[in-house]
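These notes concern the structure reproduced below.
Quick note on labels: first sequence line is chain A, next is B, and so on, each numbered from 1.
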Amino acid sequence: MEALIARLRERFPTAIQDVITFRGETTVVVPREALVEVCTYLRDEEGFNMLADLCAVDYLPRTPRFAVNYHLLSLDHRQRLRVKVFVEEEDPAVPTVTGVWPGANWHEREAFDLMGIRFEGHPDPRRILLPAEWEGHPLRKEIPVVVEEIAYSFNKARIYAEKPFARE
Amino acid sequence: MAEAEHATQLTELTWQQLRTLVSERALTGETMLLNMGPQHPSTHGVLRLLLELDGETVVNVAPDIGFLHTGIEKSCEHRTYQKVIPLTDRIDYLSPLSNNLAYCLAVERLMDVEAPPRAQYIRVILAELTRLASHLVWLATSALDLAAMSVFLYCFREREQILDIFELCSGQRMMTSFFRVGGLWRDVPEEFEEAVRAFLDYLPRRLDEYEEMLTENPLWKDRTIGIGVITQEQAIQWGVTGPSLRATGIAWDLRKAMPYSSYDHFDFEVPVGSNGDVYDRYRVRLAEMRQSLRIIRQALDNLPGGPVRTPDRKVTPPPKEELAYSMESLIHHFKLWTEGFKPPEGEVYQAVESPRGEFGVYISSDGSGKPRRVHFRAPSFVHLQALPLMAKGGLVADLVAIIGSIDIVLGEADR
């Protein structure tokens with residue numbers, strides 16, 4: 001794994017922003033501009049032939065707020081690698097990797113559907129789990145799980161002030 | 001008025017969407033559009049397929065999922081780590097213990113604790129029993145789809161026995177939630193070994209019976225050989241794992257390739273197919289069931305003694321009797337139940353070989369008692385995506401066989 005990281009740093013001297021090792025798992029942080037290039041290199045030269053999983057994380061209140069994780073798997077070398085891209089709240093967009101692994105298609109649709117990350121160049125950018133007319137992206141931290149708490153009061157003005165969702 | 005406007009917008013939207021899903025030939029009426037599901041017996045749950053047909057040949061398939069979306073990943077963010085376990089049962093409701101295992105291993109890695117050997121062996125036994133139960137349901141339903149009614153009845157009869165064993169251990173037949181972070185909820189009862197051994201002696205004869213009924217059956221072979229073929233390259237590109245990948249000839253099994261929960265202690269083979277069609281997937285799964293029996297027998301023979309929960313007090317509550325005299329233990333117990341344990345900040349991804357393929361759990365921790373983000377990598381979700389690949393160019397009747405053979409659970413695909 002160290003040799004792999006060394007090769008990556010040599011090949012992409014500016015694109016590897018950070019390398020994190022935690023509990024035996026390696027994460028490589030790259031900027032979104034270099035994502036497709038790094039992924040293509042990892043697939044072709046390092047044997048990461050399968051994209052096992054892709055998911056988006058909301059790091060609120062940190063900035064940059066969102067991250068997209070790509071969990072790569074190499075069947076030949078029996079190892080995993082996580083590639084991570086951070087994106088800002090104002091422009092949550094990353095380029096699509098469907099050109100590298102076609103199987104990324106639905107994973108990216110899911111990340112868009114639930115977290116609102118735009119995947120630029122995606123061939124089929126529709127919602128996947130929620131209905132097409134749904135508004136918002138429910139996995140974002142500002143969306144509460146329980147919309148309405150139990151109110152021990154009949155003072156409507158106070159309830160509305162404290163719980164704007166109760167009105168609906 | 002506004003309502004009517006909304007309705008036109010909606011139809012406009014669906015019309016635009018439709019154009020991206022089907023070919024130009026469908027718009028001129030040359031090919032036919034057919035809705036399959038969401039209430040259709042052979043879609044194994046609430047799955048809707050939009051089919052574009054040229055006569056009886058499938059030109060295109062557009063799966064439409066999400067009918068069972070319950071927001072499990074969102075719910076996880078509002079529970080302490082230990083309390084997420086019951087939710088994981090409900091993702092893939094045919095193999096609850098595999099999901100428990102993946103989640104518990106992920107949190108254990110996050111907390112840097114390990115389950116004691118006895119717990120690991122019992123986990124293996126129960127996970128393999130789960131695989132048997134899940135494969136029995138798969139065999140039952142996919143055979144039923146191809147009109148083999150008696151197999152359906154027999155398989156469910158066998159599955160009942162496995163569910164009885166689950167009930168013996170956990171008190172629940174399906175949503176067992178038996179595993180805990182750091183081990184098991186409790187040790188298995190004395191009758192457990194006897195019950196499992198009786199089942200181990202019983203099932204091989206039944207498997208022979210199914211093979212007699214299906215493997216060389218000309219009707220079965222007609223319906224399955226050469227149907228729904230996926231090549232090795234396609235399977236890897238599209239992330240297909242589990243029996244569907246092994247049916248193409250790649251011996252990739254996480255239990256062998258990246259062993260977890262002491263799977264490396266057991267001697268078993270990874271059955272592979274060669275053609276990647278429905279028939280090979282059937283052969284691979286049946287061979288896998290016999291290997292599972294082997295693993296269970298070895299685990300039972302070598303079952304170590306000792307505790308079933310790690311002594312590490314970070315995740316394990318103090319024993320009940322200690323609460324009577326130790327104030328610190330009482331407080332610790334209370335804290336574990338109200339706040340839960342707090343793993344360090346970081347992220348882990350743990351995958352296990354579930355009956356359907358690679359079931360992965362990603363946890364991102366922010367250092368508090370609740371996870372920042374939990375994501376489940378569901379094999380059914382990935383395999384459904386590859387369905388059009390297998391079904392294009394075949395007949396509608398073959399599509400039914402293909403859906404049965406990739407063994408999807410919609411609860412898992414939609415989460």
(message) Just so I understand: if I count every heavy-atom pair under 4.5 Å between each of B:H69, B:R377, B:R109, B:Q385 and chain A, which residue has the most?
(response) B:Q385

(request) Using a cut-off of under 4.5 Å on heavy-atom pairs, state which of B:L68, B:D112, B:D64 scores highest against chain A. (result) B:D112

(request) Examine distances only and state if a side-chain atom of B:R373 and a backbone atom of A:D58 form a donor-acceptor pair shorter than 3.5 Å. (result) no

(request) Answer yes or no: is there a donor N or O on one side and an acceptor on the other, between the side chain of B:Q237 and the main chain of A:W101, under 3.5 Å? (result) no

(request) To the nearest 0.5 angstrom, please state how far the NE2 atom of A:H71 sits from the CD atom of B:E358. (result) 10.0 Å

(message) Less than 4.5 Å to any heavy atom of chain B: does that hold for the side chain of A:R82, its backbone, both, or neither?
(response) side chain

(message) With a sphere of 6.0 Å drawn around CD of A:E10, does it hold more than 12 non-hydrogen atoms of other residues, nucleotides or ligands?
(response) no

(request) Check whether more than 12 heavy atoms from other residues, nucleotides or ligands sit under 6.0 Å from atom CD of A:E90, and answer yes or no. (result) yes

(message) Heavy-atom pairs under 4.5 Å with chain B - which of A:L73, A:L54, A:D113, A:L60 has more of them than the others?
(response) A:L73

(request) Please flag which part of A:E110 lies under 4.5 Å from any non-hydrogen atom of chain B: side chain, backbone, both or neither. (result) side chain

(message) With heavy-atom distances below 4.5 Å as the criterion, would you say the side chains of B:W252 and A:M50 are in contact?
(response) no

(message) Is the shortest side-chain heavy-atom distance between A:Y59 and B:D366 below 4.5 Å?
(response) no

(message) Minimum heavy-atom separation for A:L129 and B:A413, please, with both atom names.
(response) CD2-O, 4.1 Å

(message) Could you tell me if the side chain of A:N69 sits less than 4.5 Å from the side chain of B:Y349, heavy atoms only?
(response) no

(request) Could you tell me whether the side chains of A:D53 and B:Y362 share a donor-acceptor contact shorter than 3.5 Å? (result) no

(request) Select one option (side chain, backbone, both, neither) describing which atoms of A:L130 are under 4.5 Å from chain B's heavy atoms. (result) side chain

(request) Kindly compute the distance separating NZ (A:K141) from CZ (B:R372), expressed to the nearest 0.5 Å. (result) 7.5 Å

(message) Looking at A:R23 and B:E347, is there a salt bridge between them, counting it only when a charged N and a carboxylate O are closer than 4.0 Å?
(response) no

(request) Would you mind checking which part of A:P138 comes under 4.5 Å of any heavy atom in chain B, side chain (CB onward), backbone (N, CA, C, O), both or neither? (result) backbone

(request) Could you look at A:R109 and say if it's the side chain, the backbone, both or neither that has a heavy atom under 4.5 Å from chain B? (result) neither

(request) Look at the side chain of B:K74 and the backbone N and O of A:L114, then say whether any donor-acceptor pair between them is shorter than 3.5 Å. (result) no

(message) Go through it in stages, so that I can follow the logic: the residues are A:F22 and B:E345, the test is side-chain contact (heavy atoms from CB on, under 4.5 Å), and I'd like the CA-CA distance, side-chain angles, deciding distance and then a yes or no.
(response) CA-CA 10 Å; A:F22 178 73; B:E345 185 166 354; over 6 Å; no

(request) Identify which of B:V382, B:L110, B:I250 forms the greatest number of heavy-atom pairs closer than 4.5 Å to chain A. (result) B:L110

